[in-house]
Protein chains: 2
Amino acid sequence: MHPMQPLDIFSYLGKLQDYYARERIIPSTTQLSVLWNVKARSWTHQIVQRLKEEGFLETAAGSRLRPGPRFFERTVGHAVRAGLPQQAADVQPELLRIDDYLIEKPSQTILFPVKGDSMVDLGILEGDMVIIERSNSASSGQVVLAIVDNEFTLKVLARDKEGYYLEARNEKRSQDYPPIRPEQELEIYGFYIGLFRKASVSGHRLGLNR
Amino acid sequence: MHPMQPLDIFSYLGKLQDYYARERIIPSTTQLSVLWNVKARSWTHQIVQRLKEEGFLETAAGSRLRPGPRFFERTVGHAVRAGLPQQAADVQPELLRIDDYLIEKPSQTILFPVKGDSMVDLGILEGDMVIIERSNSASSGQVVLAIVDNEFTLKVLARDKEGYYLEARNEKRSQDYPPIRPEQELEIYGFYIGLFRKASVSGHRLGLNR
DNA sequence: CATTATAGAGAACAATTGTTCTCAGTTCAA
DNA sequence: TTGAACTGAGAACAATTGTTCTCTATAATG
């Protein structure tokens with residue numbers, strides 16, 4: 001799998017990552033031995049050492065183990081061509097930490113669940129979690145979370161000769177979402193920097209839409 | 001703070017949550033004693049017991065502690081109503097690990113960047129990162145990453161009397177994306193379990209779309 | 001062939017672990 | 001005043017911990 005590595009650490013790592021996703025804890029050497037099907041705790045310890053060198057594990061206070069910086073890395077496959085299919089794949093793994101990738105300023109970042117379909121043309125669906133970075137200002141064209149007349153709305157900030165206003169992005173139901181012009185003040189809560197979505201299970205919600 | 005609780009568990013919990021955010025591990029009773037400024041480990045144990053009853057901690061295999069279901073209790077900002085604006089909300093920041101939320105089987109999960117617009121009706125846009133869980137099978141109606149004639153494609157798995165085939169989800173350009181019927185075999189690489197998206201900076205790509 | 005890593009096992013050890021038991025102040029209602 | 005509850009401390013214990021040391025197979029390399 002990974003040519004440079006003499007001991008195939010990654011099969012051990014995989015099991016551990018799955019375990020951690022389930023149990024939310026890095027187990028002791030004894031339990032790791034069971035998990036990895038290794039008879040000798042000393043050998044388990046050796047493998048752990050290897051994982052530490054690679055940055056997948058760390059020793060916390062009290063010499064217990066905790067996830068290291070690389071523990072949450074995910075492999076990125078190469079180019080899904082959702083248009084016309086693409087040339088076959090040499091699967092050259094690239095790694096990405098989702099949290100780090102999405103959030104740059106954790107202290108100023110807030111998540112909001114989306115309700116309604118006023119932004120579907122931008123691929124923002126009901127149930128999605130949008131990632132908002134707090135800010136009092138934004139430029140027109142940006143997607144913003146605004147507080148209009150004391151209520152939250154996710155809309156596109158626009159501007160004309162009469163001043164700033166908010167636009168929806170739903171062509172099909174544009175008559176349902178007319179531009180919003182605040183009565184007096186338009187308060188920006190933050191701007192949209194991304195989103196994530198967990199698909200509902202099975203082909204239920206994923207079914208035909210016609 | 002919490003009227004019902006005789007012992008103010010929440011000041012202890014707060015310190016522990018902060019610690020966990022930094023160290024990604026629940027420490028031992030000894031270290032908890034230091035963290036909480038408690039002289040006797042027995043008393044620390046008592047407090048832990050209380051936290052377990054409330055569901056903030058759990059005993060994992062080997063009687064170590066791990067975060068319980070309420071440990072990450074999310075006070076998500078209340079519902080962005082992308083439709084009609086909603087009642088204002090006290091916005092409390094949430095500490096949700098996006099990674100944990102999205103991925104259940106790390107070792108079998110792979111990310112793929114989306115190219116093309118064949119799935120826009122499901123809110124899957126070019127540039128999005130889709131999260132794929134490896135699997136050789138899927139049921140019709142599911143969004144799958146398939147290998148058709150040695151090429152990757154993200155499509156909806158469908159079935160009729162002639163067998164399985166792949167459908168796009170782009171009503172506007174449906175003529176550009178006819179159903180794909182594999183020449184001989186249709187190999188499923190995995191199925192779609194979610195996605196995340198980082199909006200391109202500034203009002204560039206976010207601009208008007210008419 | 002001999003040699004040298006690699007992969008694995010078994011035993012042993014001091015330190016730390018979670019837990020329990022006993023005892024001592026403090027608060028507060030009966 | 002009496003007596004529970006709380007809140008807290010100290011000691012003690014068996015079990016488990018991380019770690020180290022020694023000892024085999026197996027595989028590759030010269």
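Each chain gets a letter, A, B and so on, in the order its sequence line appears, and its residues count up from 1. Owing to the predicted nature of the structure, the values given are computational and were not obtained by experimental measurement.
With a 6.0 Å cutoff to the six-membered ring centre and a 45° limit on the axis angle, B:Arg181 counts as a cation-pi contact of B:Tyr165. Both cation-pi conditions hold for A:Arg134 and A:Tyr189: the charged atom is under 6.0 angstrom from the six-membered ring centre and inside a 45 degree cone around its axis.
Distance, A:Gln49 CD to C:dT6 P: 16 Å, rounded to whole Å. What separates CH2 of A:Trp43 from P of D:dT22 is a distance of 18 Å, to the nearest Å. Between A:Ile25 atom CD1 and D:dT17 atom P the separation is 11 Å, expressed in whole Å. In this structure, A:Trp36 atom CH2 and C:dA7 atom P are separated by 14 Å, rounded to whole Å. Computed from coordinates, the B:Leu65 CG to D:dT17 P distance equals 14 Å when rounded to whole Å. Rounded to whole Å, atom P of C:dA7 lies 9 Å from atom CD1 of A:Ile47. To the nearest angstrom, C1' of C:dG8 lies 10 Å from CD of A:Gln46.
Residue B:Arg64 is classed as a sugar-phosphate contact, given heavy-atom separations below 4.0 Å to backbone atoms only.
Of all nucleotides listed (C:dT17, C:dT19, D:dT17), D:dT17 comes nearest to the side chain of A:Arg41. Taking the side chain of B:Arg50 as heavy atoms from C-beta on, and the options D:dA12, C:dA12, D:dT7, the nearest nucleotide is D:dT7. Comparing D:dG10, C:dA9, C:dT17 by their closest approach to the side chain of A:Val38 singles out C:dA9. Of the candidate nucleotides C:dT19, C:dG10, D:dT19, C:dG10 has the atom lying nearest to any side-chain atom of A:Ala40.
For the 3.5 Å distance criterion, the side chains of A:Gln31 and A:Ser28 qualify, holding a donor opposite an acceptor.
Along DNA chain D, the nucleotide nearest to A:Val48 and the one nearest to B:Lys39 differ in position, and the one closer to the 5' end is contacted by B:Lys39.
Ring pair B:Phe152/B:Phe112 is tilted by interplanar angle, where 30° to 60° counts as tilted.
Distances shorter than 4.0 Å separate none of the side-chain N or O atoms of B:Tyr12 from OP1 or OP2 on D:dT7. For B:Thr30 and C:dT17, the shortest distance from a side-chain N or O to OP1 or OP2 is below 4.0 Å. For the OP1/OP2 pair of C:dT17 and a distance below 4.0 Å, the side-chain nitrogens and oxygens of B:Gln31 include at least one atom meeting the criterion.
The base of D:dG10 lies close enough to the side chain of B:Ser42 for a donor and an acceptor atom to sit less than 3.5 Å apart.
The salt bridge (charged side-chain N to carboxylate O under 4.0 Å, His left out) with A:Glu58 is formed by just one residue from the set A:Lys52, A:Arg64, A:Arg66; it is A:Arg66.
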